[in-house]
Amino acid sequence: MSAATPEIPTPAPTDFIRDIVATHVGEQRYPKIVTRFPPEPNGYLHIGHAKSICLNFGIARENNGQCNLRMDDTNPTKEDVEYVESIIEDVQWLIAGWADHCLGFKAKGALPVAQTVDGKPDFYAGPVPAETIGHPHAPTVEPFFASDYFDQIYGYAVELIKKGKAYVCDLSPEDTDTYRGSPDKPGKDSPFRTRSIEESLDLFQRMKNGEFPNGARSLRAKIDMASPNIWLRDPLIYRIRHAEHHHTGNKWCIYPLYDFAHCLSDYLEGITHSVCTLEFEVHRPLYDWILESLGLPRPLPHQYEFAKLIPTYMIVSKRKLIALVNDNVVDGWNDPRMPTISGIRRRGIPASALRRFVTSVGVTKFNSVTDIAVYEHAVRDELNKVALRRLAVLRPIKLVLTNIAAGQVIECNATNNPEDPNAGTRIVPISREVFIESDDFMEVPPPKYFRLRPGGEVRLKYAFIIKCDELVKDASGAITEIRCTADLDSRTGGPTSDRKVKGTIHWVSATHAIDAEVRLYDRLFTAAEPDADGDFKAHVNPKSLEVITAKLEPSLADAKLDQRYQFERLAYVALDPIDSKPGKPVFNRTITLKDAWTAKPPGR
RNA sequence: UGCCCGAUGGUGUAAUGGUAGCACAAACGACUCUGACUCGUUUUGUCUAGGUUCGACUCCUAGUCGGGCAGCCA
């Protein structure tokens, strides 16, 4: 859909992780920097993931490295191909024109290849050259899948058993919990901890063969039940799960747990820097323990943690996002109000703006909340540069120019984008009857109101200065028509065009206007931290969407999907990529223009 | 209350023993055929207490506050 949005060259960001990478590059510790973005395909990607994507791909592109897209799919009961496909699309959209050349994809169906390193057997899962990656669903390539490594991971588990570093445990899930102890009390050894290597080997194979029901047994790393770190108290590394997997089908009935699969997936792909969020910090000793216990021949990956992105007025939790979808609070994952990447895209926000925002917040280990104003500023700033200006009236009120004859049409020359001289101009027709924004007229205005008022003057942008002569009201006293005279000499270039009037308002010719649906989106929540009290649904903004029929200048009849527009003085908008049809455009309001008047007018 | 991590204006982030800076926000002003954009000015900060040092946001000690960890989730 949307075209690539290349970055204007800016100084490469710095942060503590990039500093570490820079040190490693200086030391030539690795032949190539390889990162990875490893989502679990159990939901859609959101703005928090965007930060991780930009960090991981950013590190890769700044160091001539590579960033693998990997499905972290070790839990068949929660994952689905729908999510795999959305993830691929969202990642490619976000990095298009910026880091496509670093995207690590593999040949479709490829599995790790056996090799020998320093006389030791080894496996490696490598990428396909970036040039061969085209369309998101190109038939020859695909992302990496942790589930493609199940054979190797199983082998590593067997290896651990043989080294006496893992054992099959018959404790029930409940007993396993009890034996684990609590953070301030050491755990207790499982009675199966001393089981012989041979017996564990036999049992593990029979687990694999499907001889036992779910939960009957598990494979555990043998570390230290008294460790102050819970994750070192003989953590489970394999569980029995008789379930069909979206990628491996029915081949397996045992699945490795995250801690075991993740570090090994990183190793198999030759990841150098495994970057994740803070909650995995306490898992790092286990990550290292597994890798170090196996005596692997290639350099080991290392894990680095950073703080999640949490913008105000948003929810970033897959579970809660799912709830919004399932409860029909929003219209699907890609509802333009959702903080999902697909929702953000549909809302009309350029990928470059999203990238700029998630980069601008920095990377630290401090749990912070980011003011949504920073996000909105990035969006407006990006859109200001590229949006074509158009005239549109959202809440029309009729205005008659009494000194223009019925049927007469005057062509006005309008600037397409004052920020971009190359954007050119266009003709907008005006006639005797026009619509103006109802907010732009007040019969009894407050002080410092400089739009139209009885007896007052205002400029119709790109046209002429008008003066309000009289009002026509209906029986109830509501204004039905504003009657004005136009100073026809005040057109651009005309004799009185330099006359100063304080206000300039937008308009559309009533006879030329086209009607179109405009969806006015606003923040999804009314509370800065919607989930602060644990009840985010209570803070859903009832006015997060208002659908109106607006009056648009005629040129908007052939608006383009990839083009961003600004309805002058109002908002940035984009065509809805799903509901817009030829001849029936539907516009989504991406974001309003900043408005210093209604934000805080004097006397209010 | 076991272990791990963190703390710089309203918010986010820089300064890696040597002038506390930037962005957003806010306020005021200039400009304006978008009350936008742009430009200018201003307000506001190193969690606390000790210590080391000529000098501490930075190093040390103790404390305070916040976050994370007890899924066969990731």
Side-chain angles (χ1 to χ4, degrees), chain A residues 14-15 19 38-40 42 72-75 77-79 169 171-173 176-177 180-187 214-220 227-233 235-241 254-255 257-259 261-262 276-285 305 307 312 318-319 360-378 380-381 384-385 389 391 414-415 418-419 448-451 459-465 490-492 497-498 500-506 528 566-571 592-601:
Chain A
T14 57
D15 54 66
D19 288 347
E40 184 189 13
N42 68 344
D72 204 359
D73 54 353
T74 56
N75 186 352
T77 59
K78 291 191 174 175
E79 296 149 8
C169 180
L171 248 26
S172 68
T176 306
D177 283 350
R180 187 157 31 231
S182 56
D184 55 342
K185 285 196 208 78
N214 291 350
R217 288 183 223 268
S218 62
L219 184 70
R220 296 230 252 164
S227 170
N229 183 336
I230 300 262
W231 293 101
L232 260 20
R233 320 242 264 229
L236 273 76
I237 56 177
Y238 257 97
R239 82 284 226 186
I240 299 170
R241 197 80 119 208
I254 57 171
Y255 293 91
L257 277 103
Y258 166 82
D259 288 293
H262 202 90
C276 62
T277 47
L278 248 26
E279 67 268 29
F280 294 102
E281 207 164 17
V282 286
H283 294 239
R284 180 161 19 105
E305 310 87 9
T312 54
K318 271 192 206 169
R319 213 196 79 241
S360 72
V361 299
V363 180
T364 67
K365 299 185 78 158
F366 178 60
N367 291 296
S368 61
V369 177
T370 300
D371 194 334
I372 197 171
V374 180
Y375 174 65
E376 296 178 338
H377 175 262
R380 290 191 180 106
D381 201 47
N384 180 43
K385 291 182 282 191
R389 314 296 139 120
L391 298 178
T415 304
E419 306 288 324
K448 290 198 176 172
Y449 182 85
F450 46 79
R451 278 111 95 156
R459 175 179 288 280
L460 295 183
K461 192 167 167 80
Y462 304 126
F464 26 64
I465 295 167
S490 64
R491 287 185 64 191
T492 309
S497 67
D498 287 341
K500 295 292 174 207
V501 285
K502 193 63 182 159
T504 299
I505 64 172
H506 60 276
Q566 183 199 100
F567 287 172
E568 290 219 47
R569 303 209 307 132
L570 298 172
T592 61
L593 253 44
K594 243 170 78 177
D595 183 353
W597 169 250
T598 54
K600 205 182 170 207

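Not measured: the values here are computed from a predicted model. Proteins get letters first, then strands, A, B, ... in listed order; numbering begins at 1 in each.
- Taking atom C1' in both B:G12 and B:G29, the straight-line distance is 27 Å, to the nearest Å.
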query = How does RNA chain B look in dot-bracket form if you count Watson-Crick and G-U pairs under 3.5 Å, write [ ] for pairs that cross, and put | where a base pairs with another strand?
reply = .((((((..((((....[..)))).(((((.......)))))....(((((..]....))))))))))).....
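- Here A:Glu305 lies out of heavy-atom contact (under 4.0 Å) with every strand.
- Following rounding to the nearest Å, A:Leu570 (CG) and B:A36 (C1') show an atom-to-atom distance of 11 Å.
- Comparing the same atom, C1', in B:U52 and in B:G17 gives a spacing of 11 Å after rounding to whole Å.
- Atom CZ in A:Arg569 sits about 13 Å away from atom C1' in B:U32, given to the nearest Å.
- At a threshold of 4.5 Å between non-hydrogen side-chain atoms, the residues A:Thr415 and A:Tyr462 count as touching.
- Proximity note for A:Phe366 (side chain, C-beta onward) versus B:A36, B:C33, B:U13: the nearest is B:U13.
- Proximity note for A:Asn384 (side chain, C-beta onward) versus B:G12, B:G35, B:C37: the nearest is B:C37.
- Looking at heavy-atom distances under 4.0 Å, A:Thr364 makes contact with sugar-phosphate atoms alone, never a base.
- Comparing A:Lys594 and A:Lys365 against RNA chain B, the residue whose closest nucleotide sits nearer the 5' end is A:Lys365.
- The phosphate of B:U34 (OP1 or OP2) has no side-chain N or O of A:His506 nearer than 4.0 angstrom.
- Both A:Val369 and A:Asp184 sit near RNA chain B, but only A:Asp184 has its closest nucleotide nearer the 5' end.
- In the set B:G35, B:C37, B:U16, B:G35 carries the atom at the smallest distance from any side-chain atom of A:Arg451.
- B:G71 adopts a syn glycosidic conformation, its chi angle falling within 90° of 0.
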task = Apply side chain to side chain contact (heavy atoms under 4.5 Å, CB included) to A:Gln566 and A:Leu593, showing your working.
result = CA-CA 9 Å; A:Gln566 183 199 100; A:Leu593 253 44; 3.8 Å; yes
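- Other residues, nucleotides and ligands contribute over 12 non-hydrogen atoms within 6.0 Å of the NZ atom of A:Lys365.
- To the nearest 0.5 Å, the span separating CG on A:Leu257 from NE2 on A:His262 amounts to 13.5 Å.
- As a whole-Å value, the separation of A:Glu568 CD from B:G35 C1' is 13 Å.
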Set out, line by line, the N/O atom pairs under 3.5 Å between protein and nucleotides 67-74 of chain B.
unit_1: B:G67; atom_1: O2'; unit_2: A:Asn367; atom_2: ND2; d: 3.1
unit_1: B:C69; atom_1: O2'; unit_2: A:Trp231; atom_2: NE1; d: 2.8
unit_1: B:A70; atom_1: O2'; unit_2: A:Arg180; atom_2: NE; d: 3.3
unit_1: B:G71; atom_1: OP2; unit_2: A:Asp177; atom_2: OD1; d: 3.2
unit_1: B:G71; atom_1: OP2; unit_2: A:Arg180; atom_2: NH2; d: 3.3
unit_1: B:C72; atom_1: OP1; unit_2: A:Asp177; atom_2: OD1; d: 3.2
unit_1: B:C72; atom_1: OP1; unit_2: A:Arg180; atom_2: NH2; d: 3.1
unit_1: B:C72; atom_1: OP2; unit_2: A:Arg180; atom_2: NH1; d: 3.3
unit_1: B:C72; atom_1: N4; unit_2: A:Leu171; atom_2: O; d: 3.0
unit_1: B:C72; atom_1: N4; unit_2: A:Pro173; atom_2: N; d: 3.4
unit_1: B:C72; atom_1: N4; unit_2: A:Gly215; atom_2: O; d: 3.1
unit_1: B:C73; atom_1: OP1; unit_2: A:Arg241; atom_2: NH2; d: 3.3
unit_1: B:C73; atom_1: OP2; unit_2: A:Arg239; atom_2: NE; d: 3.2
unit_1: B:C73; atom_1: OP2; unit_2: A:Arg239; atom_2: NH2; d: 2.8
unit_1: B:C73; atom_1: OP2; unit_2: A:Arg241; atom_2: NH1; d: 3.4
unit_1: B:C73; atom_1: OP2; unit_2: A:Arg241; atom_2: NH2; d: 2.4
unit_1: B:C73; atom_1: O3'; unit_2: A:Arg239; atom_2: NH2; d: 3.2
unit_1: B:C73; atom_1: O2'; unit_2: A:Asn75; atom_2: ND2; d: 3.1
unit_1: B:A74; atom_1: OP1; unit_2: A:Thr74; atom_2: OG1; d: 2.6
unit_1: B:A74; atom_1: OP1; unit_2: A:Arg239; atom_2: NH1; d: 3.4
unit_1: B:A74; atom_1: OP1; unit_2: A:Arg239; atom_2: NH2; d: 3.0
unit_1: B:A74; atom_1: OP2; unit_2: A:Tyr258; atom_2: N; d: 2.9
unit_1: B:A74; atom_1: O3'; unit_2: A:Asp72; atom_2: OD2; d: 2.8
unit_1: B:A74; atom_1: N6; unit_2: A:His283; atom_2: NE2; d: 3.3

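- Between A:Lys78 and A:Glu40 there is no salt bridge, since no side-chain nitrogen of the basic residue lies less than 4.0 Å from a carboxylate oxygen of the acidic one.
- One distance of note links CD of A:Glu419 with CG of A:Asn384; it measures 4.0 Å at 0.5 Å rounding.
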